[in-house]
S.K.: 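To start, I am sharing the structure in question, which I have written as structure tokens.
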Amino acid sequence: MKLLTEIKARFKPALEALLEGANAAEIDALLSMVRPTQDDKFGDYQVNCAMALAKKLGSAPRDIATALVEQVKLDDLCEKVELAGPGFINLTIKDMWLKGALSKVIADTNLAVEQVADPRTVVIDLSSPNVAKPMHVGHIRSTVIGDALAKIHRFIGHKVITDNHLGDWGTQFGMIIYGYKHFVDEQAYQQNPVQELSRLYKYVRVIVDYHGAAKALPEAQELKQKQLGALEKIQAQDHTDDKAKLKKVKKDIQRLKEKIALQDELIVGFTKTLNSDAEIQAVAAQHPTIANDVLVETAKLHEGDKENRELWDKFLPHCLDDIQRIYDRLNIEFDYVLGESFYQDKLASIVEELTNKEIATESDGAMCVFLDGFEAPMIIRKKGGAFLYSTTDLATIRHRVEEWKADTMLYVVDHRQGDHFDKLFAASEKWGYTDVELTHVSYGTVMGDDGKPFKTRAGDTVGLEGLIDEAESRALAVAKEQNPNLEEDRQKEIGRVVGLGALKYADLSQNRNSDYKFSYDKMLALKGNTATYLQYANARVHGILRKLDTDVEKLRSSTDDIIFSEAVERQLAMQLLRFDETINEVLAEYRPNLLCNYLFDLAQLFARFFDQCSVRDAASSEIQLSRLQLCGLTSRTLTCGLELLGIESLERI
RNA sequence: GCUCGCGUAGCUCAGUUGGAUAGAGCAUUCGCCUCCUAAGCGAAGGGUCGCAGGUUCGACUCCUGCCGUGAGCGCCA
């Protein structure tokens, strides 16, 4: 039974009577001012709309509140209805009502979360790494957030299609093809193709970077000289009596100095690259035009060159195996894995169609879609005739709408691509796809300690696989310490589940909009607000059930009354009843972190309950049964919540 | 330069769309295992919610300006 919905339903007719002729949106806005109280002393729920109505109705908020309370039938639902402060209406729900609602949740297999009345087909675009490049920490966000959103949408009855839109057609293949043609160790390739391809990618990358550094170094040095000159000039002015001017001059000096320091850093980096080992220098000398040659290989692939296409066909399965290994470890599956290559043969006709419809026009040799409200157009075909990311994305929208009948598409992609999606969505609407709801579920960047997008000192990002290894081994160490007598296999299983859970939860529990700083210790923490805390609470429930030899199924079907003998039991019950409110909030804004918050609060209440309310030594058998019911439902809610986040739970950790 | 985001405790972050005395975790200090898992519980300290105005019964939340910071800005994805 939905508590919040129930309260709102009670207030709705009274508000409609009070505001004659108000539209539904206005009433909804007022009803959204019904919310849980922040503090128990104000009761369970508070209604705040009296204050908002004061001006509109021209009377005192307390009078409005009084009038509202008189008109709303609450005596069967509320123990206490109090007016407080400027016009708050504080509601305390009757214990009887809570107990009734709780029995219904206990009896319901779906924890009384209602299925949606109008199921939609929701396509979720997630993960989308470039194959053939090692996956790093940055990829975890899209994957994990997208997976959680998929599971939650499914849970309430939507039809969900997850699609991993792989980058499998880009320049990285030009690099691998070039690398294969010039540097392959055929024996190594036979033995372990994935590893050899990965080596080739990195090798070519290093040489390309070498030439990049060789080109950039003098430019950086020149820029530094210019900045030094400017600094000297400004410093010469640093004697003025004008205070405001002096302040500005000082600031300019400061800024210039920072810029120079930045150039110095770059110069050091480039110099280091150029002085890398002798082999690289020698190879670089033999391949002076490698950067361009790589592009040529890529272009040949796109144009259908037989040799390159064969190589691509040969390499791709190995690349897919490589990333699949990581998805297996993350325990994540996709309904479809349609990469960019899937859409290649559809691009030319799309550009043609858009041109014929005069949606796309030529500009500087490129085909562009000009859009109202955007300075730059969306380019769908380059000067040279090649297609872009934008073109593929348009083809993807068509495919998802026409083949999959998508009603909604969620793109779980880094916020830096916000502009791209704004344009894409606008272009798609112009193209005629007006019924499908397109949403960029953006998320913040993973930053390093220095507050810049994450890189290690060596310039590499932290590999995702290494991170998973580390998470599991840290958790295994604790598991061994906690359960020294358990068989090794089970210790390992605990290590895997706990480590992976910690990793996923660390990401999911952040507001997805914020950038966040990466830290091993934070991502792999096993104490405090972590998945481990939730898994631990669940394991403690199972400890109780085991000790008392409780049949969980039987418990669920029993109709014994819940008894609130301690305050924390009522608080726990209230929290358990709010699961459905939380699910709705998560979906309203695609924010899994709200589910994390809810589960953490629930686990916290359970930890207190565990401390204060012994089940085994309960004062009576009735209280013991009631507590068992609370334990059972807590465990089911935690397990379900974790599962929706893509995190496993265990009966013992 | 233009556009968008962010600035909350020593650190990392929440903050239910404008509600009552701003919250967690980590770190620090103290207390709690004869008792259902101490990966836990309880307590303490720690804040000019970047700064200055404005809007109103009420502002961390909305508006304006400033400061700091990050990202994006026609042929990369």
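In the text below, chain A, chain B and the rest are named by the order of the sequence lines, each starting its count at 1.
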S.K.: Count the heavy atoms of every other residue, nucleotide or ligand shown that sit under 6.0 Å from NZ of A/K522, and state whether that count exceeds 12.
M.R.: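 Counting neighbours around NZ of A/K522, more than 12 heavy atoms of other residues, nucleotides or ligands fall under 6.0 Å, so yes.
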S.K.: Any N/O pairs under 3.5 Å between the protein and nucleotides 45-47 of chain B? List them or say none.
M.R.:
none

S.K.: For A/L545, which contact category applies under a 4.0 Å heavy-atom criterion: base, sugar-phosphate, or nothing?
M.R.: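 Nothing: the residue A/L545, judged by heavy atoms under 4.0 Å, touches no strand.
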S.K.: Map A/R591 and A/F610 onto RNA chain B by nearest heavy atom, then report which one ends up closer to the 5' terminus.
M.R.: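 Going by which nucleotide is closer to the 5' end, it is A/R591.
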S.K.: Would you indicate what A/A386 reaches in the nucleic acid, counting non-hydrogen atoms under 4.0 angstrom: base, sugar-phosphate, or nothing?
M.R.: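 Nothing: the residue A/A386, judged by heavy atoms under 4.0 Å, touches no strand.
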S.K.: Please measure how far the P atom in B/A9 lies from the corresponding atom in B/C60, and state the result in whole Å.
M.R.: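 One P to the other, the span is 15 Å.
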S.K.: Any pair with a residue in residues 46-62 of chain A that passes salt bridge (Lys or Arg N to Asp or Glu O under 4.0 Å), sequence neighbours left out, goes on the list, sorted by first then second residue, please.
M.R.: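 Those involving residues 46-62 of chain A are A/E26-A/K56.
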S.K.: For A/Y443, does the six-membered ring have the charged nitrogen or CZ of A/R512 within the cation-pi criterion, i.e. under 6.0 angstrom from the centroid and within 45° of the normal?
M.R.: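 Ring-cation test returns no.
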S.K.: Quick one: A/L599 CG to B/A14 P, roughly how many Å, whole number?
M.R.: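 After rounding, the gap between these two atoms is 17 Å.
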S.K.: Check A/E493 with A/R496, please: is the shortest side-chain N to carboxylate O separation under 4.0 Å?
M.R.: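 Looking at A/R496 and A/E493, the cut-off is met.
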S.K.: Tell me, what's RNA chain B's dot-bracket, Watson-Crick or G-U with both distances under 3.5 Å, | for other-strand, [ ] crossing?
M.R.: (((((((..((((.....[...)))).(((((.......))))).....(((((..]....))))))))))))....
S.K.: According to side-chain hydrogen bond (donor to acceptor under 3.5 Å, both in side chains), who are the partners of A/D515, at least two apart in sequence or on a separate chain?
M.R.: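 Checked A/D515 against side-chain hydrogen bond (donor to acceptor under 3.5 Å, both in side chains); zero matches.
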S.K.: In whole Å, measure the gap between the C1' atoms of B/U55 and B/G65 for me.
M.R.: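 To the nearest whole Å, 15 Å.
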S.K.: Over all strands shown, is A/N513 touching base, sugar-phosphate only, or nothing at heavy-atom distances under 4.0 angstrom?
M.R.: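 Nothing: the residue A/N513, judged by heavy atoms under 4.0 Å, touches no strand.
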S.K.: Write down the distance between CG (A/D422) and P (B/C4), rounded to a whole number of angstrom.
M.R.: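 Distance check: A/D422 CG to B/C4 P gives 11 Å.
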S.K.: Under 4.0 Å between a side-chain N or O of A/Y536 and OP1 or OP2 of B/A39?
M.R.: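 Yes.
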S.K.: Whether the A/Q46 and A/N48 side chains hold a donor-acceptor pair (N or O, under 3.5 Å, no angle test) is what I'd like checked.
M.R.: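 The criterion, which ignores hydrogens and geometry beyond distance, is satisfied for A/N48 and A/Q46.
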S.K.: For the pair made of CZ in A/R608 and C1' in B/G42, what is the distance, rounded to whole Å?
M.R.: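 It works out to 10 Å between those atoms.
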S.K.: Counting side-chain heavy atoms from C-beta on, which of B/C75, B/A77, B/A39 comes nearest to A/N130?
M.R.: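 Selected nucleotide: B/A77.
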S.K.: Out of B/G40, B/C75, B/G70, which nucleotide sits closest to the side chain of A/M447?
M.R.: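 Nearest to the side chain of A/M447 among the choices is B/G70.
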S.K.: Establish, from distance only, whether the side-chain atoms of A/N529 and A/Y505 form a donor-acceptor pair under 3.5 Å.
M.R.: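 Indeed, the side chains of A/N529 and A/Y505 share at least one donor-acceptor pair under 3.5 Å.
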S.K.: Walk me through it: do A/R205 and A/D209 pass the test salt bridge (Lys or Arg N to Asp or Glu O under 4.0 Å)?
M.R.: CA-CA 6 Å; A/R205 174 96 251 170; A/D209 285 349; 3.4 Å; yes
S.K.: Under the rule for side-chain hydrogen bond (donor to acceptor under 3.5 Å, both in side chains), what residues qualify as partners of A/W312, not counting sequence neighbours?
M.R.: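 Expected list: none.
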S.K.: Which nucleotide in the set B/G70, B/U37, B/G15 lies at the smallest distance from any side-chain heavy atom of A/A539?
M.R.: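 Of all the options, the side chain of A/A539 is nearest to B/U37.
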S.K.: Please list, pair by pair, any protein nitrogen or oxygen found under 3.5 Å from a nitrogen or oxygen in nucleotides 10-12 of chain B.
M.R.:
| residue | atom | partner | partner atom | Å |
| --- | --- | --- | --- | --- |
| B/U12 | OP1 | A/K517 | NZ | 2.6 |
| B/U12 | O2' | A/K522 | NZ | 2.8 |

S.K.: For B/C13, does OP1 or OP2 lie under 4.0 Å from any side-chain N or O of A/N511?
M.R.: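 A/N511 to B/C13 OP1/OP2: no side-chain N or O under 4.0 Å.
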S.K.: Using the P atom in both, what is the distance from B/U61 to B/U56, to the nearest Å?
M.R.: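 Their P atoms lie roughly 16 Å apart.
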S.K.: Between P on B/U8 and CG on A/D515, what's the gap in Å once rounded to a whole number?
M.R.: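 Rounding to the nearest Å, CG of A/D515 and P of B/U8 are 13 Å apart.
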S.K.: Under the side-chain hydrogen bond (donor to acceptor under 3.5 Å, both in side chains) definition, can you give me all pairs with a residue in residues 623-633 of chain A, not counting sequence neighbours?
M.R.: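 Counting only pairs at least two positions apart or across chains, the side-chain hydrogen bond (donor to acceptor under 3.5 Å, both in side chains) contacts touching residues 623-633 of chain A are A/S558-A/Q629, A/S565-A/R627, A/E569-A/R627.
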S.K.: Pick the P atom in B/A59 and in B/C2, then give their distance to the nearest Å.
M.R.: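 Roughly 32 Å separates the two P atoms.
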S.K.: What is the distance, to the nearest angstrom, from the CZ atom on A/R652 to the C1' atom on B/G40?
M.R.: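 Taking atom C1' of B/G40 as the reference, CZ of A/R652 is at 17 Å.
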S.K.: Students often get this wrong, so: under 4.0 angstrom with heavy atoms, is A/C613 touching a base, only sugar-phosphate, or nothing?
M.R.: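 Base, at least one base heavy atom under 4.0 Å.
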S.K.: NA contact type, A/L388, heavy-atom cut-off 4.0 Å: base, sugar-phosphate, or nothing?
M.R.: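 Result for A/L388 = sugar-phosphate.
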S.K.: Please confirm whether A/F387 and A/Y389 have ring centers closer than 6.0 angstrom.
M.R.: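 Between A/Y389 and A/F387, which both carry aromatic rings, the centre distance is not below 6.0 Å.
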S.K.: Once you round it to whole Å, what is the distance between P of B/C57 and CG of A/D63?
M.R.: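 Whole-Å distance recorded here is 16 Å.
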S.K.: Using the P atom on both, measure B/U29 against B/G68 and round to a whole Å.
M.R.: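 Approximately 38 Å lies between the P atom of B/U29 and that of B/G68.
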S.K.: Base, sugar-phosphate or nothing for A/Q172? Non-hydrogen atoms, less than 4.0 Å.
M.R.: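 Result for A/Q172 = nothing.
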S.K.: Does B/G74 have OP1 or OP2 sitting under 4.0 Å from an N or O in the side chain of A/K383?
M.R.: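 It does not, given that no N or O in the side chain of A/K383 lies less than 4.0 Å from OP1 or OP2 of B/G74.
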S.K.: Which residue pairs pass the salt bridge (Lys or Arg N to Asp or Glu O under 4.0 Å) test with at least one member in residues 591-610 of chain A, sequence neighbours excluded?
M.R.: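 Matches after skipping sequence neighbours: A/E589-A/R591.
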S.K.: Kindly point out which of B/G40, B/C75, B/A39 is positioned nearest to the side chain of A/R540?
M.R.: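 Ranking B/G40, B/C75, B/A39 by closest atom to the A/R540 side chain puts B/G40 first.
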S.K.: Does a nitrogen or oxygen in the side chain of A/Y533 sit under 4.0 Å from OP1 or OP2 of B/C41?
M.R.: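 Affirmative; the distance criterion is met.
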S.K.: What integer number of Å spans the C1' atoms of B/C49 and B/C35?
M.R.: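 Going atom to atom, C1' in each nucleotide, I get 44 Å.
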S.K.: Looking only at side-chain atoms of A/P377, point me to the closest of B/C41, B/U37, B/G74.
M.R.: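 Per side-chain heavy atoms of A/P377, the pick is B/G74.
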S.K.: ring-ring contact (aromatic ring centres under 6.0 Å, His included) with A/F374: which residues, sequence neighbours excluded?
M.R.: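 A/F374 satisfies ring-ring contact (aromatic ring centres under 6.0 Å, His included) with no other residue.
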S.K.: Using the purine O4'-C1'-N9-C4 or pyrimidine O4'-C1'-N1-C2 torsion, is B/C62 syn (within 90° of 0) or anti?
M.R.: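 With its glycosidic angle more than 90° from zero, B/C62 counts as anti.
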S.K.: Tell me every residue that passes ring-ring contact (aromatic ring centres under 6.0 Å, His included) with A/Y598, counting only those two or more places apart in sequence or in another chain.
M.R.: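 With sequence neighbours excluded, A/Y598 shows a ring-ring contact (aromatic ring centres under 6.0 Å, His included) to A/F579, given in chain and number order.
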S.K.: Parallel, tilted or perpendicular: which fits the ring planes of A/F425 and A/Y411, with parallel below 30° and perpendicular above 60°?
M.R.: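 The rings of A/F425 and A/Y411 sit tilted, inter-plane angle from 30° to 60°.
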S.K.: With respect to the side chain of A/C368, which nucleotide from B/G74, B/C75, B/A39 is positioned closest?
M.R.: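 The answer is B/G74, which lies nearest to the side chain.
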S.K.: Provide the full list of salt bridge (Lys or Arg N to Asp or Glu O under 4.0 Å) pairs with a residue in residues 33-51 of chain A, sequence neighbours left out, each pair given once.
M.R.: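 Sorted result for residues 33-51 of chain A: A/D44-A/R570.
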S.K.: Looking only at atom C1', what distance separates B/U37 and B/C30, rounded to whole Å?
M.R.: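 That atom pair is separated by 24 Å.
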S.K.: Write down the distance between CG (A/D393) and P (B/C76), rounded to a whole number of angstrom.
M.R.: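 Whole-Å distance recorded here is 15 Å.
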S.K.: Pick the nucleotide of RNA chain B nearest each of A/S514 and A/K547; which residue has the one closer to the 5' end?
M.R.: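 Nearer the 5' end of the strand: A/S514.
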S.K.: Any chance you could list the contact pattern along nucleotides 19-30 of chain B? Use B for base contacts, S for sugar-phosphate-only contacts and - for none, protein heavy atoms under 4.0 Å, 5' to 3'.
M.R.: BBB--SSS----
S.K.: Once you round it to whole Å, what is the distance between C1' of B/C13 and CE of A/M523?
M.R.: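 Computing the A/M523:CE to B/C13:C1' distance gives 13 Å.
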S.K.: Would you confirm whether the ring centroid of A/F600 sits within less than 6.0 angstrom of the ring centroid of A/Y533?
M.R.: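 Yes, they do, as the ring centres are separated by less than 6.0 Å.
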S.K.: Could you tell me whether A/Y443 contacts a base, only the sugar-phosphate backbone, or nothing, with contacts defined as non-hydrogen atoms closer than 4.0 Å?
M.R.: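 A/Y443: no heavy atom of the nucleic acid under 4.0 Å.
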